[in-house]
2 protein chains.
Amino acid sequence: MLTIGQLAAYAGVTVRAVRHYHQIGLLPEPERDASGYRRYRAAAVVSLIKIRTLADAGVPLSRIAQMLDAEAAAFAEAVQRIDSHLRDEIERLETSRRQIAQLAAGDALALPPEVIAYLDRLRELGVSERMVEGERDGWILLAARWPDRVREFIPGKFAQLDDPHVVRLYRVLSEIFDDDDAGDDPRLEEAADLMAGLAEQAYACGENSLGEEAYDDLPHDLLDTLAVEADPRVERLVALLRERGWGGWNRMERLAERPG
Amino acid sequence: MLTIGQLAAYAGVTVRAVRHYHQIGLLPEPERDASGYRRYRAAAVVSLIKIRTLADAGVPLSRIAQMLDAEAAAFAEAVQRIDSHLRDEIERLETSRRQIAQLAAGDALALPPEVIAYLDRLRELGVSERMVEGERDGWILLAARWPDRVREFIPGKFAQLDDPHVVRLYRVLSEIFDDDDAGDDPRLEEAADLMAGLAEQAYACGENSLGEEAYDDLPHDLLDTLAVEADPRVERLVALLRERGWGGWNRMERLAERPG
DNA sequence: TGGAGGGTTGACGCAGCGTCAGGGTCAAGC
DNA sequence: GCTTGACCCTGACGCTGCGTCAACCCTCCA
């Protein structure tokens, strides 16, 4: 007759595990000796080893009992189910690995490589780190809403960077936002002029600023408020644009009438 | 300003998950409106998406906060750690899959294929299912103690089966144990004679019944008590063997003197 | 005779939420 | 003005498979 410690040692498990199996009814409680100690027969060792074998193979404890007294056919079927479950788990983890492999750089968080390349291009053009981060957050929002479409937007954005006005705009904005103190910066006027001109140009070509159809409005609203949250001077810029006949920020649209 | 439901929907998570992130301090609690509802800014959406991206990649929540404000180098190092952890997990699961693949048949539980083959051979020779199961449980005990050695035992056991006395013994034992009623079976005498003869023969060749060295005694004791537990008539057989000058059951040894 | 090294029950802790329970709130339709 | 359904709130337990105290009892050996 074995004590719980001897039993556990023989089967290569912890005492706590054995007690756990008793608690959930997986291994029957043995008789007790005079002092209340559990005393095990040899058959218990065999049972415990079978349990551990299944548990080590990834069978959830809740199903081991059924499997142990299943007929060969039912057993095989159960094995099948467990196996396909394991396969799914492995698949999930491998997807995770692939995903974190993409996280090599900080920017890559939740963004496809095309967008990363675009952000790096902005840096090359002298756009401030602060603005690039703002852009990045915007793209994160877009990527969350349209994971597939977002890559289609990128070529158009790259093309825009060929226009010196666009580059100039980014630089002016960089300067404005990098100055923490300036509440009423005269450069805001220049930025507004640039943006209005670009909007006019895009409108003439029959596109809007992002080059995509309407989809839904939520992401654009979010992008706008995100910008305002990032720097309240954006609100001032939006007002200046409105004076120039353009509404919105990320996706601008011509206003019906110039306000009074 | 978004409600928690809108926030969650945009980021593709459940409301409960968002509240959980608040609870553990991963996502800061936003302001509340007049009726106590949480109201989120656009920046919260970006934060939440970043969190989900890392969590989906298998980063434990407890480490996401550190990673989000880590520098590029520290971030990369953390990614490395996560990745190797994932690799280990995958390895573990694949081991599990290999193991359960071995569990195709009921016998295979915790036993190497050589032992399975031996058990099948017993069945072919007309050994009863009941006895085979007893043998199997014994091998499970041996395999747990000596996972590597147990395969070495098998060739010797196969060889023994070439001896017609051994086959005869197994069949007699099968018959005895399959009769539920017989308490004092005359065939027990025949079995004891056969066993004593085989022991004598083995002793003459300088081997003991299992063909292995002493190792430790626990498994053998367990095997003996296992047999007695399986059928109390084993005890009677052990007594008969003792009369014939042999002690033990699975591993028999010559007694110094025939008992008075 | 005392101390080490077993054993006993009971309880909390872990990760990441799911899922009630038992409320209050909001927008819309009657 | 009232109902209805869809949200929101907090609080709490449940899941998996044990690890790890705590507080106590039993046994064996020097």
Side-chain angles (χ1 to χ4, degrees), chain A residues 1-27 29-40 44 48-68 81-82 85-86 88-89 92-93 96 218, chain B residues 1-27 29-40 44 48 50-67 81-82 85-86 88-89 92-93 96 218:
Chain A
M1 298 293 264
L2 305 170
T3 67
I4 196 170
Q6 293 168 323
L7 170 75
Y10 198 103
V13 308
T14 64
V15 170
R16 182 64 182 85
V18 175
R19 287 204 266 250
H20 183 60
Y21 301 153
H22 288 323
Q23 220 169 4
I24 64 176
L26 185 50
L27 190 66
E29 283 272 6
E31 300 124 35
R32 307 294 182 108
D33 67 11
S35 59
Y37 286 18
R38 293 179 179 85
R39 290 295 177 169
Y40 296 89
L48 182 53
I49 291 171
K50 288 180 180 173
I51 289 171
R52 273 320 304 174
T53 305
L54 287 172
D56 287 343
V59 180
L61 297 187
S62 53
R63 274 210 232 144
I64 288 182
Q66 315 160 19
M67 287 192 69
L68 283 180
R81 273 206 308 276
I82 308 290
H85 180 247
L86 280 179
D88 291 351
E89 275 298 282
R92 219 172 46 75
L93 291 184
S96 290
L218 180 54
Chain B
M1 299 292 265
L2 306 169
T3 67
I4 195 171
Q6 292 167 324
L7 171 75
Y10 198 102
V13 309
T14 65
V15 169
R16 181 65 181 88
V18 175
R19 287 203 266 250
H20 184 59
Y21 301 153
H22 288 323
Q23 221 171 2
I24 64 177
L26 185 50
L27 190 66
E29 283 272 5
E31 300 126 34
R32 307 296 181 109
D33 67 11
S35 58
Y37 287 17
R38 293 180 178 87
R39 289 295 176 169
Y40 296 89
L48 183 53
K50 287 179 180 173
I51 290 171
R52 272 323 301 176
T53 304
L54 287 172
D56 288 342
V59 180
L61 297 188
S62 53
R63 274 209 233 145
I64 289 183
Q66 316 160 21
M67 287 191 69
R81 274 207 306 277
I82 308 291
H85 180 247
L86 280 179
D88 291 352
E89 274 298 282
R92 220 174 44 76
L93 291 183
S96 289
L218 181 54

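None of the values given here were measured: they were computed from a predicted structure. Each chain gets a letter, A, B and so on, in the order its sequence line appears, and its residues count up from 1.
A/Ile4 comes within 4.0 angstrom of sugar-phosphate atoms only, judged by non-hydrogen atoms across all strands, and of no base. A/Arg52 comes within 4.0 angstrom of sugar-phosphate atoms only, judged by non-hydrogen atoms across all strands, and of no base.
Scored by the side-chain hydrogen bond (donor to acceptor under 3.5 Å, both in side chains) test, A/Gln66 finds no partners at all (sequence neighbours excluded). For A/Asp88, there are no salt bridge (charged side-chain N to carboxylate O under 4.0 Å, His left out) partners two or more places apart in sequence or in a different chain. Judged as a side-chain contact (heavy atoms from CB on, under 4.5 Å), and not counting sequence neighbours, the contacts of A/Tyr37 are A/Asp33, A/Ser35, A/Arg39. By the side-chain hydrogen bond (donor to acceptor under 3.5 Å, both in side chains) test, A/Arg38 is found to be paired with A/Glu29, residues two or more places apart in sequence or in another chain being considered. The ring pair (Phe, Tyr, Trp, His ring centres under 6.0 Å) test applied to A/Tyr40 returns A/His22, not counting sequence neighbours. Residues passing the side-chain hydrogen bond (donor to acceptor under 3.5 Å, both in side chains) test with A/Arg92 are A/Glu89, sequence neighbours excluded. A/Arg63 pairs by the side-chain hydrogen bond (donor to acceptor under 3.5 Å, both in side chains) definition with nothing, not counting sequence neighbours.
The minimum heavy-atom distance linking A/Ile64 with A/Ile51 is given by the pair CD1-O, 3.7 Å. Minimum interatomic distance between B/Val15 and B/Ala8 (heavy atoms only, all atoms of both residues): N-CB, 3.9 Å. Minimum interatomic distance between B/Ala55 and B/Leu61 (heavy atoms only, all atoms of both residues): CB-CD2, 4.1 Å.
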Could you go through the side-chain contact (heavy atoms from CB on, under 4.5 Å) check for A/Thr3 and A/Leu7 one step at a time? CA-CA 6 Å; A/Thr3 67; A/Leu7 170 75; over 6 Å; no
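A heavy-atom distance below 4.5 Å is found between the side chains of B/Pro60 and B/Ile82.
At least one donor-acceptor pair under 3.5 Å links the side chain of B/Ser96 to the backbone N or O of A/Asp56.
Taking 4.0 Å as the cutoff to heavy atoms of chain A, we find the contact window on DNA chain C bounded by C/dG6 to C/dA11. In the 5' to 3' direction, nucleotides of DNA chain D lying under 4.0 Å from heavy atoms of chain A begin and end at D/dG17 to D/dT27.
At a non-hydrogen distance threshold of 4.0 Å, B/Arg32, B/Gly36, B/Tyr37, B/Arg38 from residues 32-39 of chain B come into contact with DNA chain D. Residues of residues 5-15 of chain B that place a heavy atom closer than 4.0 Å to DNA chain C, in numerical order, are B/Thr14.
Judged purely by distance below 3.5 Å, without hydrogens or angles, the side chains of A/Arg52 and A/Tyr21 pair a donor atom with an acceptor atom.
For the atom pair CD1 (A/Ile24) and OG (A/Ser62), the distance works out to 8.0 Å, reported to the nearest 0.5 Å.
Taking five base pairs at each end of the helix from C/dT1-D/dA30 to C/dC30-D/dG1, the local helix axes there meet at an angle of 30°, rounded to 10°.
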